[in-house]
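Okay, structure first, notes after.
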Amino acid sequence: MDAPEKLHAWLIEDREYARHEERRGRRFAFPTLDPPRTALVVIDMVPFFVSGNPYCRGIVPNIGRLARTVRETGGTVAWVLPATTEPTQTAQEFYGPEAAEVYRTAGGTGPLTQRLWREFTIHDDDVLVEKSAPSAFFPGRCPLPELLQQRGIDTVLITGTVTNVCCESSARDASILGLRVIMVADANAAGRDADHNATLHTIYRSFGDVRATDEVVAMLSDGCRCAGS
C-alpha cells in the first residue's frame, strides 16, 4: 500500500529573506505577475515518478489549482515529459546499465497525452513537449523555450518533480535565458525535505523567487484585475 500523500515542510531561512531585502529593498524580485505573459511549467509528472512518492502525489492538487488559475487568467500551461532516448555511454557508466535503462523509459511510451499522471487534464491550448535532458530549457534538448517565446512569455512558474534535479535544472536554465523564474515551493516534490529545501535555498539566493501556491494564485488574480481596470 502506498504511503499517504504529503507536502514538504519547506523553508526559506529568515537570513536569506533579510539578505535580499537589504540588497534590493524588497523580499521578492517579482512582486507582480502579468498573467498572459506567465507560463506554468510542470516537470516530469508521470507515473514513474509520481506513483511511488507521497510528496509527488501530494503536490497534484496544487498543480491542478495553478493550472486552472493560469488558464482562467490568460496564461499558458506547459506539460514537460521525459523523452525516451538511447542511454549514452556516460549514462551507463554513471548509473550502471540496468538503472540507465530504467531511466531511459521513465517517461513511458505511447502518445504524450497518455503518459501524464492520470489526475491531470490537458487542454487544447496547453503546451505538451518532451525533453531529452534534465532541464526543459537546455538549448536543443526541448522545444519549450521557443514555444514560450512565440507566446510572449516572460515569466515561468516551475513545478513538478524532482525538485533538486529536473526542476532545479530547468529553473537555473530559464533564469540564464532571461526569464523571470518563480519556483512554487508546495508544488514541487523531492524525496526528502532536506533535498527540497536545499534547492529552494539555491533558487531564491541566485536564480528566482520562491513562493507558495496561495501566493501565486493571488498574484495571478491581482494581475488579471489590474489588466481589466
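For the single chain, residues carry numbers from 1 onward in sequence order.
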Minimum-distance pair of heavy atoms, taken over all atoms of [X] and [Y]:
{"X": "Leu148", "Y": "Ala39", "value": "CD2-CB, 3.9 Å"}
{"X": "Cys166", "Y": "Ile43", "value": "CB-CG2, 3.7 Å"}
{"X": "Ile182", "Y": "Leu33", "value": "CD1-CD2, 3.8 Å"}

Measure the shortest side-chain to side-chain distance between [X] and [Y] over non-hydrogen atoms and say whether it is less than 4.5 angstrom.
{"X": "Pro145", "Y": "Leu177", "value": "yes"}
{"X": "Arg27", "Y": "Glu21", "value": "yes"}
{"X": "Pro82", "Y": "Phe49", "value": "yes"}
{"X": "Met183", "Y": "Cys167", "value": "yes"}
{"X": "Ile158", "Y": "Val181", "value": "yes"}
{"X": "Ser51", "Y": "Trp117", "value": "yes"}
{"X": "Phe28", "Y": "Glu215", "value": "yes"}

Test salt bridge (Lys or Arg N to Asp or Glu O under 4.0 Å) applied to Arg68 - qualifying residues, sequence neighbours left out: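 For Arg68, no residue satisfies salt bridge (Lys or Arg N to Asp or Glu O under 4.0 Å) once neighbours in sequence are set aside.
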Residues that Asp193 engages under salt bridge (Lys or Arg N to Asp or Glu O under 4.0 Å), provided they are two or more places apart: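 So Asp193 forms no salt bridge (Lys or Arg N to Asp or Glu O under 4.0 Å) with any residue.
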Gln149 CD: over 12 foreign heavy atoms closer than 6.0 Å: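 No.
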Over 12 non-hydrogen atoms of neighbours within 6.0 angstrom of CD in Glu146: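 Atom CD in Glu146 is packed in, count exceeds 12.
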Going only through I, L, V, M, F, W and Y residues with side-chain contacts under 4.5 Å, is there a path from [X] to [Y]?
{"X": "Leu81", "Y": "Val60", "value": "yes"}
{"X": "Leu157", "Y": "Leu179", "value": "no"}
{"X": "Leu40", "Y": "Ile153", "value": "no"}
{"X": "Ile203", "Y": "Leu66", "value": "no"}

side-chain contact (heavy atoms from CB on, under 4.5 Å) against Ile12, all qualifying residues, sequence neighbours excluded: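 Scan of Ile12 (side-chain contact (heavy atoms from CB on, under 4.5 Å), adjacent residues dropped) gives Trp10, Glu16, Tyr17, Leu200, Tyr204, Val210.
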side-chain contact (heavy atoms from CB on, under 4.5 Å) against Ala18, all qualifying residues, sequence neighbours excluded: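 Ala18 satisfies side-chain contact (heavy atoms from CB on, under 4.5 Å) with no residue once adjacent residues are dropped.
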Candidate pair Val184 and Asn62, rule side-chain contact (heavy atoms from CB on, under 4.5 Å), full reasoning: CA-CA 9 Å; Val184 188; Asn62 283 343; over 6 Å; no
For [X], which residues count as a side-chain hydrogen bond (donor to acceptor under 3.5 Å, both in side chains) partner, sequence neighbours excluded?
{"X": "Arg23", "value": "His20"}
{"X": "Glu93", "value": "none"}
{"X": "Thr213", "value": "Asp186"}
{"X": "Glu13", "value": "Arg15"}

Pairs flagged by ring-ring contact (aromatic ring centres under 6.0 Å, His included) wherever residues 148-182 is involved - sequence neighbours left out: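 Every candidate ring-ring contact (aromatic ring centres under 6.0 Å, His included) pair involving residues 148-182 fails, so no pair, neighbours aside, qualifies.
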Listed partners of Phe30 passing ring-ring contact (aromatic ring centres under 6.0 Å, His included), at least two apart: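 ring-ring contact (aromatic ring centres under 6.0 Å, His included) list for Phe30, sorted by chain: empty.
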Polar side-chain atom of Thr38 near backbone of Gly75 as donor-acceptor pair, under 3.5 Å: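 Absent.
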Indicate every side-chain donor-acceptor pair of residues 122-130 with a distance under 3.5 Å to a residue at least two apart or in another chain.
| residue | atom | partner | partner atom | Å |
| --- | --- | --- | --- | --- |
| Asp126 | OD1 | Arg71 | NE | 3.1 |
| Asp126 | OD2 | Arg71 | NH2 | 2.8 |
| Asp126 | OD2 | Trp79 | NE1 | 3.0 |
| Asp126 | OD2 | His123 | N | 2.9 |
| Glu130 | OE2 | Arg115 | NH1 | 2.7 |

Arg19 and Arg205: CA distance, side-chain angles, deciding distance, side-chain contact (heavy atoms from CB on, under 4.5 Å) verdict: CA-CA 9 Å; Arg19 175 178 177 270; Arg205 187 176 181 86; 3.5 Å; yes
Residue pairs, two or more places apart or on separate chains, that pass salt bridge (charged side-chain N to carboxylate O under 4.0 Å, His left out) and touch residues 163-174: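 Matches after skipping sequence neighbours: Glu168-Arg172.
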Point-to-point distance, once rounded to the nearest 0.5 Å, from NZ of Lys6 to CZ of Arg57: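 Answer rounded to 0.5 Å: 10.0 Å.
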